[in-house]
Chemist: 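The following block contains the structure, expressed as structure tokens.
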Amino acid sequence: MDVLNLIGGRWAEGAGAEFADANPARPDEIVARGRFASAAQVETAVEAARTAAPEWASTPYHARAEVLAGAAAILDRNAEEWGEELTREEGKTLAEGVGEVRGAARILRYYASEADRENGEIFPSPRSGENVLVVRRPVGTAGIITPFNFPIAIPAWKIAPALIYGNTVVWKPSSLVPLLAQRLARALADAGLPAGTLNLVYGEGEVGGAIVGHPGVTAVSFTGSTAVGRAIIARCGELGKPVQTELGGKNASVVLADADLGHAAEQVCAGAFRSTGQKCTATSRLIVEEAVADELLARVARLAGDITVGDPLRPDVRMGPLISEAARERVTAGVRRAVEEGATPLTDAAPYTGDLAAGWFVPPTLMELPATGVEFWRRELFGPVVGAIRASGPREALRLADQSDHGLSAAIFTRDLGVALSAVDHVRVGVLHVNSESAGTFPHVPFGGVKQSGFGPKEQGRAARDFYTHTVTVYLGAPA
Ligand code: NAP
């Protein structure tokens with residue numbers, strides 16, 4: 001399929017370089033083609049968004065909500081077909097692809113329901129006859145830059161709050177997943193979004209940089225790697241522009257001696273290997289209390305070894321490929337380096353030969369690390385690889401879980417509620433799962449990380465309002 005940019009309400013071929021979107025399971029198959037937007041087209045897109053902003057901001061909440069609900073219905077109607085397209089372009093399994101499209105519909109519906117919630121506060125005033133109102137206004141035009149790994153859910157959880165709170169948008173998706181971006185933008189346009197309210201521009205870092213630096217873009221929301229995110233934070237700092245970033249993770253799962261080991265092993269595998277480990281919240285560090293380490297590691301290794309890897313369109317396949325050849329090289333090199341530093345593979349970690357070598361596949365891998373000093377402990381690989389370490393007891397386990405520059409999510413498996421709650425104090429993360437895998441979010445609750453995993457207001461739920469609106473404090477006195 002040919003994808004087009006959406007600029008000022010018109011579907012336009014880009015005036016920049018051509019690009020092709022390949023299926024990571026079968027890289028010879030082209031899923032979509034298009035052309036990147038030129039600098040002039042990015043300029044036109046920002047101008048269109050600025051021009052559309054006042055009218056959209058004054059459109060009643062319920063009318064804005066109707067567009068989001070309409071788009072959600074379109075997503076639901078097309079979930080099977082678009083889920084399959086998502087699988088073809090990103091490589092997650094068909095169940096995950098269809099599930100993500102339906103999840104994006106749920107996100108749109110959640111933000112549509114904002115129209116029926118309270119919006120603002122009233123405080124008493126010490127002055128007679130006066131009240132103090134705190135009302136919320138849109139921030140203007142949001143620049144939104146999204147990663148490859150959730151091609152429709154992450155864009156939905158940024159674009160939906162931006163729109164419901166009255167902002168217009170210029171959106172640059174990852175150039176690795178242009179097709180689902182096209183589907184979401186078309187669903188919103190078909191649901192009645194006015195021209196210029198949402199602009200979709202394809203491109204790589206250059207287009208992203210142009211959006212971030214444009215004076216017409218009044219706030220920037222970014223999800224992606226820590227390196228790119230930090231550069232965007234710095235640029236927005238120079239420009240005095242509000243910025244929200246959700247970045248990389250090095251998420252730990254902690255399994256204590258009193259845990260249900262069967263359940264913990266299943267959940268560790270789900271957290272580590274679903275979506276081929278390409279989730280910001282994926283488990284990549286496993287900390288096991290010494291007393292149960294042999295048994296737990298044997299269970300995880302057995303489950304990992306049983307995972308059917310292959311073309312994710314096949315219903316029996318439980319893990320697909322990585323997104324690209326570069327990702328396969330990065331993950332393979334990361335495992336090799338860990339082994340050189342003394343890690344012991346507990347699963348077959350040898351790169352695939354035969355049919356699977358033609359796609360960007362890597363095996364689900366569990367390694368036991370010699371110590372926390374190894375590079376694997378610190379560096380996000382973004383693939384289906386877990387490095388395990390033993391802890392002498394709960395206190396040391398929590399200390400090790402916290403031993404990271406990242407702080408996105410963590411999981412703890414225990415029957416001891418006291419220990420689980422002490423993790424809240426001792427493991428600095430934005431998301432903590434007790435007895436469930438480290439990945440997974442609901443649209444109605446805040447999501448985001450601390451330390452190097454995130455900067456600025458959280459996403460999702462009502463937390464998103466703190467980024468996409470600013471408050472106006474109105475001292476409303478009675479007429480004299
Ligand atoms: P990425 O390489 O940082 O790319 C993210 C987005 O930024 C893409 O649209 C990319 O465009 C664009 N970009 C690249 N260089 C840029 C620049 N100099 N200026 C502006 N934009 C630029 O990340 P990714 O590989 O897509 O995603 C994986 C990373 O995202 C992992 O680190 C993962 O942990 C993180 N992530 C975090 C969360 C979270 O919520 N914390 C969620 C999902 C993913 P192109 O792709 O077209 O180059």
Side-chain angles (χ1 to χ4, degrees), residues 3 14 16-17 19-21 24 34 36-37 42 89-92 100 143-158 170-178 180-181 200-214 217 220-236 243-251 275-284 322-324 326-327 330-331 334 379-383 404-409 429-431 438-441 443 446-460 463-464:
V3 295
F19 65 93
D21 168 22
F36 292 143
V42 174
E89 80 169 353
E90 200 274 346
K92 60 184 69 174
E100 186 181 329
I144 290 181
I145 300 175
T146 51
F148 78 83
N149 64 327
F150 283 94
I152 193 163
I154 288 180
W157 84 45
K158 290 179 186 294
V170 180
W171 169 33
K172 189 204 94 59
S174 164
S175 52
L176 297 169
V177 289
L180 267 287
L200 165 66
V201 284
Y202 290 112
E204 294 177 314
E206 211 172 310
V207 166
I211 293 171
V212 171
H214 198 294
V217 170
V220 173
S221 180
F222 169 86
T223 296
S225 59
T226 298
V228 175
R230 292 193 125 191
I232 289 176
I233 294 166
R235 182 87 181 105
C236 288
V243 60
Q244 168 189 63
T245 64
E246 291 303 341
L247 309 173
K250 191 74 201 180
N251 313 296
S275 296
T276 324
Q278 296 177 120
K279 288 184 185 177
C280 50
T281 47
T283 295
S284 63
L322 291 167
I323 185 69
S324 64
R330 185 189 63 235
V331 171
R379 206 177 128 223
E380 182 188 47
L381 269 193
F382 217 52
S404 174
D405 290 338
H406 291 99
L408 185 51
S409 77
V429 287
V431 178
S438 62
T441 68
F447 174 78
V450 297
K451 299 193 261 181
Q452 287 191 16
S453 294
F455 183 87
K458 296 280 190 280
E459 303 200 277
Q460 304 234 58

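Note that this is a predicted model, so its numbers are computed, not measured. Whatever order the structure lists them in is the order used to number ligands and atoms, beginning at 1.
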Chemist: Is Lys172 close to ligand 1, meaning an N/O of one under 3.5 Å from an N/O of the other?
Modeler: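 Yes: some nitrogen or oxygen of Lys172 is under 3.5 Å from one in ligand 1.
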Chemist: Looking only at heavy atoms, is any part of Ala227 under 4.0 Å from ligand 1, and if so is it the side chain, the backbone, or both, or is it neither?
Modeler: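 For Ala227, no heavy atom sits under 4.0 Å from ligand 1.
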Chemist: Which atoms from ligand 1 have a heavy atom of Gly208 less than 4.0 Å away?
Modeler: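 Answer for ligand 1: 20 (C), 21 (N).
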Chemist: Any N or O on Phe148 sitting closer than 3.5 Å to an N or O of ligand 1?
Modeler: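 Looking only at distances, the answer is yes, because the N/O contact criterion of under 3.5 Å is met.
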Chemist: Does ligand 1 have any atom sitting under 4.0 Å from a heavy atom of Gly229?
Modeler: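 Per 4.0 Å heavy-atom rule, Gly229 does not contact ligand 1.
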Chemist: Which residue holds the protein heavy atom closest to atom 28 (C) of ligand 1, what is that atom called, and what is the gap in Å?
Modeler: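 Looking only at protein heavy atoms, the one closest to atom 28 (C) of ligand 1 is Phe382 CE2, 3.5 Å.
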Chemist: Run the numbers for me: atoms of ligand 1, each under 4.0 Å from some heavy atom of Leu408, listed by number.
Modeler: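 Here the atoms of ligand 1 in question are 41 (N).
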Chemist: Measuring only between side-chain heavy atoms, which start at C-beta, is Val42 closer than 4.5 Å to Ile211?
Modeler: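 The answer is yes, as the side chains (C-beta and beyond) meet within the 4.5 Å cut-off.
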Chemist: Would you say Thr245's side chain and Gly454's backbone share a donor-acceptor pair under 3.5 angstrom?
Modeler: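 Looks like no, no N/O pair under 3.5 Å.
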Chemist: Please check whether Thr146 reaches ligand 1 - meaning an N/O of the residue sits under 3.5 Å from an N/O of the ligand, judged on distance alone.
Modeler: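 Checking ligand 1 against Thr146, an N or O pair does fall under 3.5 Å apart.
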Chemist: Can you see which heavy atom on Val331 is nearest to which on Phe382, and at what distance?
Modeler: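 What the structure gives for the nearest pair is CG2-O, 4.1 Å.
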Chemist: Looking at Pro173, which atoms of ligand 1 are within less than 4.0 Å of one of its heavy atoms?
Modeler: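 Near Pro173, meaning under 4.0 Å from one of its heavy atoms, ligand 1 has 9 (O).
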Chemist: Between Asn251 and Ser284 (side chain of the first, backbone of the second, donor and acceptor by atom type, cut-off under 3.5 Å), is there such a pair?
Modeler: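 It does not hold such a pair.
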Chemist: Applying a 4.0 Å heavy-atom criterion (strictly less than), which segment of Thr226 is in contact with ligand 1: side chain, backbone, both, or neither?
Modeler: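 For Thr226, there is no contact with ligand 1 at all, from either part.
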Chemist: Do Trp157 and Glu459 have side-chain N/O donor and acceptor atoms under 3.5 Å apart?
Modeler: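 A pair is found: one side chain offers a donor N or O, the other an acceptor, under 3.5 Å apart.
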Chemist: Within ligand 1, which atoms have a heavy atom of Ile154 less than 4.0 Å away?
Modeler: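 By the 4.0 Å cutoff, the relevant atoms are 42 (C), 43 (C).
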Chemist: Just wondering, do Leu200 and Pro173 contact through their side chains at under 4.5 Å, heavy atoms?
Modeler: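 Yes, side chains in contact.
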Chemist: Hey, is Gln278 touching ligand 1 through its side chain, its backbone, both or neither, going by heavy atoms under 4.0 Å?
Modeler: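 Under 4.0 Å from ligand 1, Gln278 contributes no heavy atoms.
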Chemist: Within a distance under 4.0 Å of any heavy atom of Thr223, pick out the atoms of ligand 1 and give their elements.
Modeler: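 This gives 5 (C), 36 (N), 37 (C), 38 (C), 39 (C), 40 (O), 42 (C), 43 (C), 44 (C) as the contact atoms.
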Chemist: What protein heavy atom lies closest to atom 42 (C) of ligand 1? Include the residue and the distance to one decimal.
Modeler: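 Protein heavy atom with the smallest distance to atom 42 (C) of ligand 1: Cys280 SG, 2.9 Å.
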Chemist: Show me which atoms of ligand 1 lie under 4.0 Å from any heavy atom of Val228.
Modeler: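 The atoms of ligand 1 under 4.0 Å from a heavy atom of Val228 are 3 (O), 15 (N), 16 (C), 17 (C), 22 (C).
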Chemist: State whether Phe36 and Lys172 meet the cation-pi test: NZ (Lys) or CZ (Arg) under 6.0 Å from the six-membered ring centroid, and within 45° of the perpendicular axis.
Modeler: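 No - Lys172 does not lie over the ring of Phe36 by the 6.0 Å and 45° rule.
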Chemist: Tell me, please: is Phe447 in heavy-atom contact with ligand 1, that is, under 4.0 Å?
Modeler: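 Per 4.0 Å heavy-atom rule, Phe447 contacts ligand 1.
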Chemist: Without hydrogens or angle criteria, can the side chains of Gln452 and Thr226 be said to hold a donor-acceptor pair below 3.5 Å?
Modeler: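 There is no such pair between these side chains.
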Chemist: I'd like to check which ligand 1 atoms, numbered from 1 as shown, lie under 4.0 Å from a non-hydrogen atom of Gly203.
Modeler: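 That gives atoms 47 (O) of ligand 1.
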Chemist: Please classify the Ile145 to ligand 1 contact at 4.0 Å (heavy-atom distances, strictly less than): side chain, backbone, both or neither.
Modeler: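 For Ile145, the contact with ligand 1 is made by the side chain alone.
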Chemist: Compare all side-chain heavy atoms of Thr281 with those of Phe447 and state whether any distance is below 4.5 angstrom.
Modeler: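 Side-chain contact under 4.5 Å: yes.
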Chemist: Does Asn149 approach ligand 1 within less than 4.0 angstrom via side chain, backbone, both or neither, non-hydrogen atoms only?
Modeler: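 Side chain only.
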Chemist: Pairs of nitrogen or oxygen atoms closer than 3.5 Å, one from Glu204 and one from ligand 1: do any exist?
Modeler: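 In this structure, Glu204 places no N or O atom under 3.5 Å from an N or O of ligand 1.
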Chemist: My question is simple, although I want it checked carefully: is atom 4 (O) of ligand 1 less than 4.0 angstrom from any protein heavy atom?
Modeler: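 Under 4.0 Å from atom 4 (O) of ligand 1, zero protein heavy atoms found.
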Chemist: Could you tell me whether a side-chain N or O of Glu90 sits under 3.5 Å from a main-chain N or O of Pro151, the two making a donor and an acceptor?
Modeler: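 Side chain of Glu90 to backbone of Pro151, a donor-acceptor pair under 3.5 Å: no, none is there.
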Chemist: Counting only N and O atoms by type, is there a donor-acceptor contact under 3.5 Å from the side chain of Ser275 to the main-chain atoms of Gln278?
Modeler: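 No, Ser275 side chain to Gln278 backbone: no donor-acceptor pair under 3.5 Å.
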Chemist: Quick one: does any side-chain atom of Lys250 pair with a main-chain N or O of Asp405 as donor and acceptor, under 3.5 Å?
Modeler: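 No, because the side chain of Lys250 does not come within donor-acceptor range (under 3.5 Å) of the backbone of Asp405.
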Chemist: For Glu380, is at least one N or O under 3.5 Å away from an N or O on ligand 1?
Modeler: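 By distance alone, the answer is yes.
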Chemist: May I ask whether Leu247 places a heavy atom under 4.0 Å from ligand 1?
Modeler: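 Distance cut 4.0 Å: Leu247 passes for ligand 1.
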Chemist: Is it true that a side-chain atom of Tyr202 and a backbone atom of Pro178 form a donor plus acceptor pair closer than 3.5 Å?
Modeler: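 Judged by distance alone, yes, a pair lies under 3.5 Å.
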Chemist: Show the nearest heavy-atom pair for residues Gly249 and Ser453, with the distance to one decimal.
Modeler: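 Shortest heavy-atom separation between Gly249 and Ser453 comes out as CA-OG, 4.1 Å.
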Chemist: Out of Gly454, Gly448, Gly205, Gly248, who is nearest to atom 19 (N) of ligand 1 when you count heavy atoms only?
Modeler: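 Shortest heavy-atom distance from atom 19 (N) of ligand 1: Gly205.
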Chemist: Can you report which non-hydrogen protein atom sits closest to atom 7 (O) of ligand 1, along with the distance?
Modeler: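 Answer, as residue, atom name and distance: Phe222 CE1, 3.2 Å.
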Chemist: Quick one: does Gly209 get a heavy atom under 4.0 Å from ligand 1?
Modeler: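 A heavy atom of Gly209 does come that close to ligand 1.
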Chemist: Which residue owns the protein heavy atom closest to atom 23 (O) of ligand 1, what's the atom, and how far is it?
Modeler: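 Heavy-atom neighbour on the protein nearest atom 23 (O) of ligand 1: Ser225 N, 3.4 Å.
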Chemist: Looking only at side chains, do Lys158 and Thr223 share a donor and an acceptor under 3.5 Å apart?
Modeler: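 Distance-only check passes for Lys158 and Thr223.
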Chemist: Which protein heavy atom lies closest to atom 46 (O) of ligand 1, and at what distance to 0.1 Å?
Modeler: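 Scanning the protein heavy atoms, the shortest distance from atom 46 (O) of ligand 1 goes to Ser174 OG, 3.2 Å.
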Chemist: What is the minimum heavy-atom distance between Lys279 and Ala439, and which atoms define it?
Modeler: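 Smallest heavy-atom distance, with atoms named: CD-CB, 3.7 Å.
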Chemist: Heavy atoms only: which of Pro147, Gly224, Ala153 is nearest to atom 30 (O) of ligand 1?
Modeler: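 Of the listed residues, Gly224 has the closest heavy atom.
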Chemist: Is it true that a side-chain atom of Gln244 and a backbone atom of Gly456 form a donor plus acceptor pair closer than 3.5 Å?
Modeler: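 No; zero donor-acceptor contacts below 3.5 Å.
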Chemist: Closest non-hydrogen protein atom to atom 47 (O) of ligand 1, residue and atom name please, with distance?
Modeler: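 Its nearest protein heavy-atom neighbour is Ser175 OG, 2.5 Å.
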